[in-house]
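One structure is given below, encoded as structure tokens.
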Amino acid sequence: MEIAEEDQNQPVISSKRIKFEEIVEEGGEDRISALPDCLLVEILSRLPSTKDSIKTGTLSRRWKHLWTWVHTLIFTESDHNFPWSTFVSFVDKTLTQCRHLKLKKFVLSTSEFKFQINNWICYAIRYNVEELNLKSWGTVFLDQSFFISPPFTKLRLEGCALYPCGANTKLTSEGCVLNPLVAISWKNLQSLYITWGYLYEDLIENILSGSPVLETLVLDRCYGLGQFRIDITSKSLKKLVLSGYREPICDYEGVDDVVEINAPDVLSLAIKGDLVLLNLFLVNVSSLVEAELDYTNLWHWKRTRSEEMLKRFILNLSHVKELKIGSFCSKVLSHLEAKGFVVPSNIKFSGGFPNESESESESDSE
């Protein structure tokens, strides 16, 4: 599931749709090669991976070094059928051959969590990367340049536990853990996406206080322990997405965590994904203009509690101009209607209105 909205106005060019061998005409230059270098570099920068960009260097003398100017670098270990050491050599060699002046995007996805990752991220920061995507299941030790005044405006973190170099900590498999040990200073950050993150109140406060222009915060399948409060005091944050909530180890009997969302200045709120959670409360969302409830509750057999939570949401969002309701929430809402609950006029059924016979067939164990 992809929560973050990618640059939807920008076309995505698939390597499967571009067959350079068929484009190049024997004995003459093809139309694509006749384009200015800046446009060709833009095309190469939009290929699915840097490995695909490098392959185009074999087409002709004209294409041989074009890939070295790409402003997007995407390294995915699963794209390479060779061991970690060879992948490291590939990335290191690629970085030494690049001649760009600035990076728009740097993506790294790997199952390993060794010291080389810090070198690669330092490279991206040195070239003023705008968007940094990091997926690595394990602990990564990073230079302070990652936590103190980095250039990126968009940051995506999945699975990795990030600590400053020299930190005394044990390896973890809990998911994404961000522990800077110092005050974060992300003065340029506008969008932050955290997937499988272990969250705690001090971390949220640290991020928000150190990110004065942060506009979008996406928490994808993140979790906490016990009483947890998402306290959004930032005046700049306008969009908050809570996409799923689930402990890494869950016996499906549910999670008793109590999560409160206090976001008085946020304009857009979305609660989506699988929630192994029934104690989710909206404390203050008075500035909301739009909201979306498109979650599924893995406690669906506890219908009464699911109904209570949805009813709380709807009542707390009665001031919202448009409240979008997904298919699962639509089914729960139909049960509430049968009990006399009046559906507010601001609700829009994005997932279609539920089938009544299907809803009635569900059993209520409470």
* To do: Indicate yes or no for a side-chain donor-acceptor contact from Ser211 to the backbone of Leu208 under 3.5 Å, with no hydrogens or angles considered.
  => no
* To do: Quick one: closest heavy-atom pair of Ser191 and Leu214, and the distance?
  => N-CD1, 3.7 Å
* Which salt bridge (Lys or Arg N to Asp or Glu O under 4.0 Å) pairs, counting each pair once, include a residue from residues 282-291, with sequence neighbours left out? -> none
* Student check: side-chain heavy atoms of Leu189 and Leu155 closer than 4.5 Å -> yes
* Asked: Sequence neighbours excluded, which residues qualify as side chain to side chain contact (heavy atoms under 4.5 Å, CB included) partners of Glu292?
  -> Ala270, Lys272, Asp294, Lys324
* Asked: Would you say the side chains of His71 and Glu130 form a donor-acceptor pair under 3.5 Å?
  -> no
* All side chain to side chain contact (heavy atoms under 4.5 Å, CB included) counterparts of Val266, not counting sequence neighbours -> Ile232, Leu237, Leu240, Ala263, Leu288
* Asked: What do you reckon, is NZ of Lys102 surrounded by more than 12 foreign heavy atoms closer than 6.0 Å?
  -> yes
* Asked: Parallel, tilted or perpendicular: which describes the rings of Phe75 and Phe87, with under 30° parallel and over 60° perpendicular?
  -> perpendicular
* Asked: Taking atom types as modelled, is there a side-chain donor on Asp52 or Ser49 under 3.5 Å from an acceptor on the other?
  -> yes
* To do: Could you give me the CA-CA distance, side-chain angles and deciding distance for Phe106 and Phe152, then say whether side chain to side chain contact (heavy atoms under 4.5 Å, CB included) is met?
  => CA-CA 10 Å; Phe106 187 90; Phe152 46 73; over 6 Å; no
* Passing candidate, salt bridge (Lys or Arg N to Asp or Glu O under 4.0 Å) with Glu307, options Lys339, Arg312, Lys331 -> Lys339
* Polar contact flag, side-chain donor to acceptor under 3.5 angstrom, Ser286-Asn284 -> yes
* Asked: Closest approach of Leu333 and Ile347, non-hydrogen atoms and distance?
  -> CD2-CD1, 4.0 Å
* Could you tell me which non-hydrogen atom of Cys222 sits nearest to which non-hydrogen atom of Ile194, and how far apart they are? => SG-O, 3.3 Å
* Distance only, no hydrogens: is a donor on one side chain within 3.5 Å (strictly under) of an acceptor on the other, for Glu158 and Thr195? -> no
* Asked: Do Thr153 and Asn188 have side-chain atoms, one donor and one acceptor, less than 3.5 Å apart?
  -> no
* Structure fact -> Between Ser145 and Pro150, the two heavy atoms sitting closest are O-CB, 3.4 Å
* Tyr127 vs His100 aromatic rings, parallel, tilted or perpendicular, using cut-offs 30° and 60°? -> perpendicular
